[in-house]
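Note sheet for the following structure.
If you're wondering where the values come from, they're calculated on a predicted model, not measured in any experiment.
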Amino acid sequence: LQLVMLPQVVGFALLGLLVIGFAAISFRRGGLWRSLAIVLAGMVVGAALAWIGMFLMGQARPGSFWRAYPIWTQLTVYACGLLAAVAALALIGRRLTVEQLRASFWLAFLLLGVAIFFIAPGGVIYFLLPPLAAIVGILLKQERVGAIIAAVLLWLTFGEVLALLGDLMNNGPFFIFAPLALIIAMPWLIEAKALLDTNSKGRTITVAAAVMLAGWAAVAVAPAYSADRQQRFLIQHATDTGTGHAYWSVVNDRARLPKDFGNVAGWRRNELPHIEGKRWIAPTATVADLTPPKLSVMSNTGDGKVRTITFRIEANGAETIFLVGAKDAQIVSAGSGGFVRPIAPDTKGEYYLSCFGRSCDGAVLQFSTRELKPMPFTLIGSRRGLPAIAKPLLEQRPRFARPQYSPDATLTISRVAL
């Protein structure tokens, strides 16, 4: 392996020269605005087709239907970009020559690189080599050879980025891959323009649409989960100590639960009391001898502007404890002992002060707030494992499903004023 170094200033200068060069060539050849419209329309339409397809598939198959075999979803999203590119060339580009389309496409590609420059300057490296090969081909009077080399280089560089993004963003949004796939496919379609022009617009678009629909059909029948790529399926028993009600909670990827799951009736998508985030919940029986954690206030002092509360945790068997403050709690700092972390005044959302592990029992924590009067907080205690009544749920958990990020747990939800 050999690492090739290119100073940023050289890359930026080369990008500018390529933009100027292709702009001059495009204006001389004509058809610039129509060609740019093809690229822009294709990217927008491709993204829209992919978004609509993902939305409809999500309605038919709720959950991460792509998890086991993401390659089918990725290829189908690419096919959405391909359909958009073919349609744009057939409907807008018929009167343009291959030479006009080549120059204008690489200009559009370079302008995208200019936009990337302002977001992530290092990303400019992906916008240099392919158009450089294309313009060298033009200057050497070997334009078609240069165009094919540029298309190959684009596939090897930008295509690899697209593949890695597919692995990184395996939970979506997938629709953004369609415009990227269009960029990689467009140079090849431009070279195949003569073949596209020999067929009617309707036939050309129909063939591309059939490829896309075949892809969605494959996505529809592919298993959603496998032994290697399992569904997140976290089961919890939660007790609201304020009301005395208890609930089963299943946190998954929004997929429907198995029929009559756990022999429990009344499953619905909702939030647990005082806990944000929708999940599957159903009423159940409370568990005897389940004591929630408690907080013992050690001090509550203030200077007229900020109030500081120091408290000790009584875990009562809980291994993880969350103290949740409302969005308007105005907490300015929180921590333990010699480590108190400031919180920016423009922080948004709820406040979480959490403790993990056996050392939580007896731990002393503190927070400071601009609110001088006692405020309501939610105190959540979590311990690993489920009560005996959870046996039917554990037995009926889907084959390729398991708890992820945290184990099955028994929760208590309490309200305290601090």
Original post:
Is Leu6 close to Leu14 at the side-chain level, that is, under 4.5 Å between some pair of heavy atoms?
Top reply: no
**OP:** To the nearest 0.5 angstrom, please state how far the CD1 atom of Ile138 sits from the CZ atom of Phe22.
**Re:** 4.5 Å
Subject >> Rounded distance [0.5 Å steps], CG in Leu323 versus CD1 in Ile331 >> reply: 7.0 Å
**OP:** Measure the spacing between CG of Leu372 and CE of Met375 and express it to the nearest 0.5 Å.
**Re:** 9.5 Å
Original post:
Under 6.0 Å between the ring centres of Phe233 and Phe261?
Top reply: yes
Original post:
Regarding Glu314 and Ser296, is there a side-chain donor-to-acceptor distance under 3.5 Å anywhere?
Top reply: yes
Subject >> Closest heavy-atom pair and its distance - Ala85, Met186 >> reply: CB-CE, 3.8 Å
**OP:** Report yes if some heavy atom in the side chain of Ile135 is under 4.5 Å from a heavy atom in the side chain of Ile25; otherwise report no.
**Re:** yes
**OP:** Would you please classify the geometry between the His245 ring and the Tyr247 ring as parallel, tilted or perpendicular, with 30° and 60° separating the classes?
**Re:** perpendicular
Subject >> Asp253 and Arg232, any side-chain heavy atoms less than 4.5 Å apart >> reply: no
**OP:** May I ask you to check whether over 12 heavy atoms, not counting those of Asp346, lie within 6.0 Å of atom CG?
**Re:** yes
**OP:** Please report the closest heavy-atom contact between Phe174 and Val77, naming both atoms and the distance.
**Re:** O-CG1, 3.3 Å
Original post:
Looking at OG1 of Thr157 and CG of Leu128, how far apart are the two atoms once the value is rounded to the nearest 0.5 Å?
Top reply: 10.0 Å
Subject >> Trp280 six-ring face occupied by Arg269 cation (under 6.0 Å, within 45°) >> reply: yes
Original post:
Closest heavy-atom contact between Pro62 and Arg256?
Top reply: CD-NH1, 3.2 Å
Original post:
Between Thr291 and Asn316, is any side-chain donor less than 3.5 angstrom from a side-chain acceptor?
Top reply: no
**OP:** Taking the side chain as every heavy atom from C-beta outward, state whether His237 and Ile389 have any pair of such atoms under 4.5 Å apart.
**Re:** yes
**OP:** Could you check if a side-chain atom of Arg268 sits within less than 4.5 angstrom of a side-chain atom of Ile281, using non-hydrogen atoms only?
**Re:** yes
**OP:** Applying side-chain hydrogen bond (donor to acceptor under 3.5 Å, both in side chains) between Asp408 and each of Arg402, Arg384, Arg397, report the one that passes.
**Re:** Arg397
Original post:
If we ignore angles and hydrogens, is there a donor and acceptor under 3.5 Å between the side chains of Ser368 and Arg307?
Top reply: no
Original post:
Got a donor-acceptor contact below 3.5 angstrom from the Gln396 side chain to the Gly262 backbone?
Top reply: yes
Subject >> Asn171 to Ser64 - nearest heavy-atom pair and separation >> reply: OD1-OG, 4.4 Å
Original post:
Does the side chain of Gln236 come within less than 4.5 Å of Arg279's, by heavy atoms?
Top reply: yes
Original post:
Would you say the side-chain atoms of Arg61 pair up with the backbone N or O of Val219, donor to acceptor, closer than 3.5 Å?
Top reply: yes
Subject >> Considering all heavy atoms, the nearest Tyr225-Gln230 contact >> reply: CD2-C, 4.2 Å
Subject >> Distance-minimising heavy-atom pair for Ala255 and Asn252 >> reply: O-ND2, 3.0 Å
**OP:** For the residue pair Leu89 and Lys193, establish whether any side-chain heavy-atom pair is separated by less than 4.5 Å.
**Re:** no
Subject >> Exam field: side chain Thr347 to backbone Ala344, donor-acceptor pair closer than 3.5 Å >> reply: yes
Original post:
Do the ring centers of Phe367 and Phe377 come within less than 6.0 Å of each other?
Top reply: yes
Original post:
Do Thr241 and Thr412 have side-chain atoms, one donor and one acceptor, less than 3.5 Å apart?
Top reply: no
Original post:
What class does the angle between the rings of Phe109 and Trp106 fall in, given that below 30° is parallel, 30 to 60° is tilted and above 60° is perpendicular?
Top reply: perpendicular
Subject >> From CZ (Phe105) to CD1 (Ile183), nearest 0.5 Å >> reply: 6.5 Å
Original post:
When rounded to the nearest 0.5 angstrom, what is the spacing between CD in Gln8 and CD1 in Ile125?
Top reply: 9.5 Å
Original post:
With a 4.5 Å limit on heavy-atom distance, are the side chains of Thr76 and Trp66 in contact?
Top reply: no
